[in-house]
A.B. asks: 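Got a structure for you, questions after.
Convention: sequence-line order gives letters A, B, ...; per-chain numbering from 1.
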2 protein chains.
Amino acid sequence: MKIGELAKAAHVEVETIRYYERIGLLPAPARSHNGYRAYAGMHLERLAFIRHCRALDIALADVARLLRFVDDPSAECGEVDALIDTQLARVRARLDSLRTLEDQLVALRSQCGAPDRAAQCGILHELEAPTLGDACVCHGERPQ
Amino acid sequence: MKIGELAKAAHVEVETIRYYERIGLLPAPARSHNGYRAYAGMHLERLAFIRHCRALDIALADVARLLRFVDDPSAECGEVDALIDTQLARVRARLDSLRTLEDQLVALRSQCGAPDRAAQCGILHELEAPTLGDACVCHGERPQ
DNA sequence: GTTGACCCTGTAGCGGCTACAGGGTGTGTC
DNA sequence: GACACACCCTGTAGCCGCTACAGGGTCAAC
Ligand SMILES: [Zn+2]
Ligand SMILES: [Zn+2]
Ligand SMILES: [Zn+2]
Ligand SMILES: [Zn+2]
């Protein structure tokens, strides 16, 4: 399998595959006589694994850790579970933060009803006014 | 005002201030006899503006566009409003995607009840198994 | 024999910082 | 005056996860 074929099969860009090899996430394949990379089924499996992980927004460093368990099936999987828990916590924290952000943007958006001169725009005023710890639409109940 | 004082007043890192100057977001201040940057109140205001925008996760390029309206109060503010709308749409799209991600991670997490050998771990199985378009916990009803 | 699709390596860029290295300056204490 | 220490300066490189070249080689079809 040439790199373009693997890319198509795995729904991944060619350059991404080379990148994964470079950072040591995907094992370097054999080479054909012309120097082209020649992939086997194992590479497709591994790439699919990586793709599933990435779809779950798991960092590549963590994907590498998960792959170590794939390579060593006799190990205990406690770390795997912990990793998913951590990932879930990260996603939930980001969700909280984004929900607050949404509210803040809605509040900000309501400041300018009808477009007019910038001097009168409530949005710009809201962003301009509070220099110090004054109340503002963006710094308040926002987590962190 | 020296850079460290400005940093403290605006709750921003010193290096971030220099970075903003380098990319042309914050005007270069006057210099004291010793070459130190000497900031005026205007810089604190501008930095506060940037900070409010960043708290709303507005990209620096968009912050620059907003600052142009601050500098030209006679302009029409329609673009400002559109920018906030776009930002809001972006946040909502990310929210949707993250909510799905949360569900997927929860589903994945439930695959391994009790930590055991990696060979039996349902999480690893779920990530390993589907190579092609098979159903998997991470690729399905997920947006994009 | 020439077009075009593919492959190779290596390097640089994105955003938004962050972290040095290697130096200069200003203030306080002994 | 000598030293420590905090702060300032410039410039460069690193983070993440790709993405996009530049400048070349290879292969099959027409
Ligand atoms: Zn407006
Ligand atoms: Zn604010
Ligand atoms: Zn498990
Ligand atoms: Zn999947």
A.B. asks: Is there a donor-acceptor pair under 3.5 Å between the side chain of B:His43 and the backbone N or O of B:Ala38?
C.D. replies: no

A.B. asks: Is the shortest side-chain heavy-atom distance between A:Asp81 and B:Arg109 below 4.5 Å?
C.D. replies: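 Heavy-atom side-chain distance check passes, below 4.5 Å.
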
A.B. asks: Expressed in angstrom and rounded to an integer, what is the separation of B:Arg31 atom CZ from C:dG24 atom P?
C.D. replies: 17 Å

A.B. asks: Could you run through nucleotides 16-29 of chain D and give me one letter per nucleotide, 5' to 3': B if any protein heavy atom sits under 4.0 Å from the base, S if only the sugar-phosphate is that close, - if neither?
C.D. replies: -BBBBB---BBS--

A.B. asks: Counting just side-chain N and O atoms, does A:Arg37 come under 4.0 Å of either OP1 or OP2 of C:dC8?
C.D. replies: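 For A:Arg37, the contact criterion (side-chain N or O under 4.0 Å from OP1 or OP2 of C:dC8) is met.
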
A.B. asks: Rounded to whole angstroms, how far apart are CD1 on B:Ile17 and P on C:dC17?
C.D. replies: 12 Å

A.B. asks: Starting at atom CD1 of A:Ile3, determine the distance to atom P of C:dT9, rounded to an integer number of angstrom.
C.D. replies: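 Computing the A:Ile3:CD1 to C:dT9:P distance gives 9 Å.
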
A.B. asks: Identify the two heavy atoms, one from B:Asp72 and one from B:Ser74, that lie closest to each other, and give their separation to 0.1 Å.
C.D. replies: OD1-OG, 2.9 Å

A.B. asks: D:dC8 P sits how many Å from B:Met1 CE, rounded?
C.D. replies: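 Answer to the nearest Å: 12 Å.
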
A.B. asks: Is there a side-chain contact between B:Arg92 and B:Leu88 (heavy atoms, below 4.5 Å)?
C.D. replies: yes

A.B. asks: Report, as yes or no, whether the 6.0 Å neighbourhood of atom CD on A:Gln120 holds more than 12 heavy atoms from other residues, nucleotides or ligands.
C.D. replies: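 Enclosed: over 12 neighbouring heavy atoms sit under 6.0 Å from CD of A:Gln120.
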
A.B. asks: Sub-3.5 Å donor-acceptor pair from the side chain of B:Arg99 to the main-chain atoms of B:Glu102, do we have one?
C.D. replies: no

